[in-house]
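What you see is a predicted model; the values in this text were computed from it and never measured. Proteins get letters first, then strands, A, B, ... in listed order; numbering begins at 1 in each.
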2 protein chains.
Amino acid sequence: MNSKPATIKEIARRLGISPSSVSRGLHDHGSIGSAMKEKIRTVAQELNYEPNQTAIFLQKGKTHTIGVILPELSESFFSSAITAIEDIANKKNYQVMFAQSHDDEAKEKLLVEKMKSHRVDGLIVSVAKSTSSYEHFTKLSSQNIPVVFFDRIPSVTNVHSVACDMETGTIQAVQYLLKKGHRAIGMINGPSNLLASTQRKEGYIKAFGSQRLKYDPSMIVTSDLTENGTLIAMEQLLIIKRKPTAIVAFNDYISLYAIKYARKLGLVINKDIEFVSYSNLPLIHYMDHIPSASVEQHPYLQGQKAADMLMDLLSNKDTEQQGFYRVIIESELVENRTGGIL
Amino acid sequence: MNSKPATIKEIARRLGISPSSVSRGLHDHGSIGSAMKEKIRTVAQELNYEPNQTAIFLQKGKTHTIGVILPELSESFFSSAITAIEDIANKKNYQVMFAQSHDDEAKEKLLVEKMKSHRVDGLIVSVAKSTSSYEHFTKLSSQNIPVVFFDRIPSVTNVHSVACDMETGTIQAVQYLLKKGHRAIGMINGPSNLLASTQRKEGYIKAFGSQRLKYDPSMIVTSDLTENGTLIAMEQLLIIKRKPTAIVAFNDYISLYAIKYARKLGLVINKDIEFVSYSNLPLIHYMDHIPSASVEQHPYLQGQKAADMLMDLLSNKDTEQQGFYRVIIESELVENRTGGIL
DNA sequence: ACTTGCTAAACAAACGTTTGCGTTCACAAT
DNA sequence: ATTGTGAACGCAAACGTTTGTTTAGCAAGT
């Protein structure tokens, strides 16, 4: 009952043969008699033999484990993404070792060290908001441990990455509103140091351009992504003489904050003012007053691509690395159906 | 740049001493000269030495890794719980290897095997809904790999577990409604094979008993936890001559389905009918029409206790096991503030 | 009878570390 | 001069596996 797990050695001892023969017998590997092979198999069965992976890891120098570091599991974006990563990894017989940085750069660095010392074969990372330097990652790559970034990717170019292009989705979103007849379209954008903010702004401008309309720069305001910052942004928008009849919000949360504020002012959603945002959170489906459309960022797909990329890097580890993978996923506007009674 | 990571052997070679001395030097372990110790340390620094955990794992027979298997990461309950587990584990220098069963028993079994072959030191599990046999887990325990169950725990007694007692929370919930003057209180319960359902029913009955009131058995109906099943349950409740003025719903989702239905019938929430449920999901805080209170199940705390328990089992692995840990956390009613404008 | 060639198995080294047990040496105590 | 003591280190085994290199045995070809 409390016996140590069976080993190859034990099997060898029982059969009076050498461990190496047992190993070969179990692997169809080298030269081994089919009679003996059978015997080995049956004894292995009897003893309930399972290979000790730690020994194999040491021997092969691989752990068949990939590390995943991401900011917050409670964000549904990331829980979808990691589910995808897990699925792919499992399919390829890899295990996932994961940890959350909680958007703390120091913690992130610590985790990278831990992962390294656990000898993960590769790493998938979505960096913390506060992360400003990337040496801890480049150190990994230089030690031949591939790193793939996704969604929140460093602004440097010499890394492998998967990300979603917000520009196309934004163009779709604005065109969607234009087609509906809106002309005064506000945008609540995020902090300007984020690539995602730049892309949203670009998309906004291009959408207007594509219809040969010109846009009002004062219609683009910035929120620090808190509820309060969003209220301030809304005030800025609603002060404009030509009041916006539609607003593109940075994400669904921002949208909900803004909607709440608009309703407080007595505005009727989708009548006086319409919202479009990003993320397409599941919680939307339980609510009455929601953005009429949302730009989907495909978290599952991003996770999938990132995992595929890492798997590819791992299997071609020996062959000389040439350049860096850089996958861009197109974001995509989807219309929302409310889950409420309205 | 692309060099193999430094090893103890390499350090030993450079200093012309034996690997064992290096090991001791790095660990303050056995007898080692302080001068030599210094030299060892500096060389280790220079070479950027990091111990190869896989070798240590093999040598020590421990991986300092715990496995976590749970049904769905996208449920906020579980993402909180695993965050707690991760926090505790990290504090004790353990890494987390995790996987989702997606409520599929076959997948769960597979995962257990994978975890075992990766030689996790212990396992924390919240079992899949469909899981009916537990041999795959008992096999682990018998191999001296401790297993701790949390939240969804097997109905057998010879396991370690952490769970939340729904009865006390239910008593609080019903008493809360009684105190508010409600007398016709409905309950939408879950499938009767769940322990959690039994506890809810018991709590309901006890709460009435404690006020020397008697309850109407037809007030307790069952939902299969889908939206449609919940509508049927609502119909059953609203058919009763003495219509319920308040309803205790199995969880927040059920509550939201029920609220949606009630509103469709023109009922005004918290006036014509009041809801109380379980889970205390974050999404509640964004909505207008919500249960006025919710029974908190303390996912973070459950994860914490489960991790603590496992850590304890791991550190006392050698000492003979006597009995099983069984921690019960009291559920607790918390009043909700709406995040909407109402 | 002697090389060849083949199969089936053993041998041994290796992966990187830890650790019990020696060994050596210097020096103090007898 | 002998013994004891302790410090500082080396040796070697061990963890469980894989894998390149023998070796042994045996049948077939010359």
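- Listed by residue number, the members of residues 51-60 of chain A with any heavy atom below 4.0 angstrom from DNA chain C are A:Leu58, A:Gln59.
- Judged as a side-chain hydrogen bond (donor to acceptor under 3.5 Å, both in side chains), and not counting sequence neighbours, the contacts of A:Thr131 are A:Glu108.
- Residues satisfying the side-chain contact (heavy atoms from CB on, under 4.5 Å) test with B:Val327, not counting sequence neighbours, are B:Val162, B:Lys305, B:Met309, B:Ile329.
- Residue B:Ser20 is classed as a base contact, given a heavy-atom separation below 4.0 Å to a base.
- Taken over five-pair windows at either terminus, the axes of the helix from C:dA1-D:dT30 to C:dT30-D:dA1 are inclined to one another by 80° (rounded to 10 degrees).
- A donor-acceptor contact under 3.5 Å is not formed by the side chain of A:Arg119 with the base of C:dG16.
- With sequence neighbours excluded, the residues forming a salt bridge (charged side-chain N to carboxylate O under 4.0 Å, His left out) with A:Arg14 are A:Glu10, listed by chain and number.
- For A:Arg152, the side-chain hydrogen bond (donor to acceptor under 3.5 Å, both in side chains) partners at least two apart in sequence or on another chain are A:Asp103.
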Test side chain to side chain contact (heavy atoms under 4.5 Å, CB included) on A:Glu113 and A:Lys139; report intermediate values, then the result. CA-CA 10 Å; A:Glu113 287 304 317; A:Lys139 214 163 70 181; 3.7 Å; yes
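- Annotation: salt bridge (charged side-chain N to carboxylate O under 4.0 Å, His left out) contacts involving residues 44-58 of chain A, sequence neighbours excluded, comprise A:Glu50-B:Lys116.
- Judged as a ring pair (Phe, Tyr, Trp, His ring centres under 6.0 Å), and not counting sequence neighbours, B:His298 has no contacts.
- In this structure, B:Phe78 has no ring pair (Phe, Tyr, Trp, His ring centres under 6.0 Å) partners at least two apart in sequence or on a different chain.
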In a table with atom names and distances, give each donor-acceptor pair under 3.5 Å that connects a side chain of residues 84-91 of chain B to protein atoms at least two apart or in another chain.
unit_1  : atom_1 : unit_2   : atom_2 : d
B:Glu86 : OE1    : A:Gln100 : N      : 3.4
B:Glu86 : OE1    : A:Gln100 : NE2    : 3.1
B:Glu86 : OE2    : A:Gln100 : N      : 2.9
B:Glu86 : OE2    : B:Asn90  : ND2    : 3.4
B:Asp87 : OD2    : B:Tyr300 : OH     : 2.6
B:Asn90 : OD1    : B:Gln95  : NE2    : 3.4
B:Asn90 : ND2    : B:Glu86  : O      : 3.2

Protein-to-nucleotide contact annotation, 5' to 3' order, nucleotides 22-27 of chain D [B base; S sugar-phosphate only; - none; under 4.0 Å, heavy atom]: ------
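- Under the rule for a side-chain hydrogen bond (donor to acceptor under 3.5 Å, both in side chains), the partners of A:Asp121 that lie at least two apart in sequence or sit in another chain are A:Thr63.
- Residue contacts for B:Gly25: at a heavy-atom cut-off of 4.0 Å it reaches no nucleic acid atom on any strand shown.
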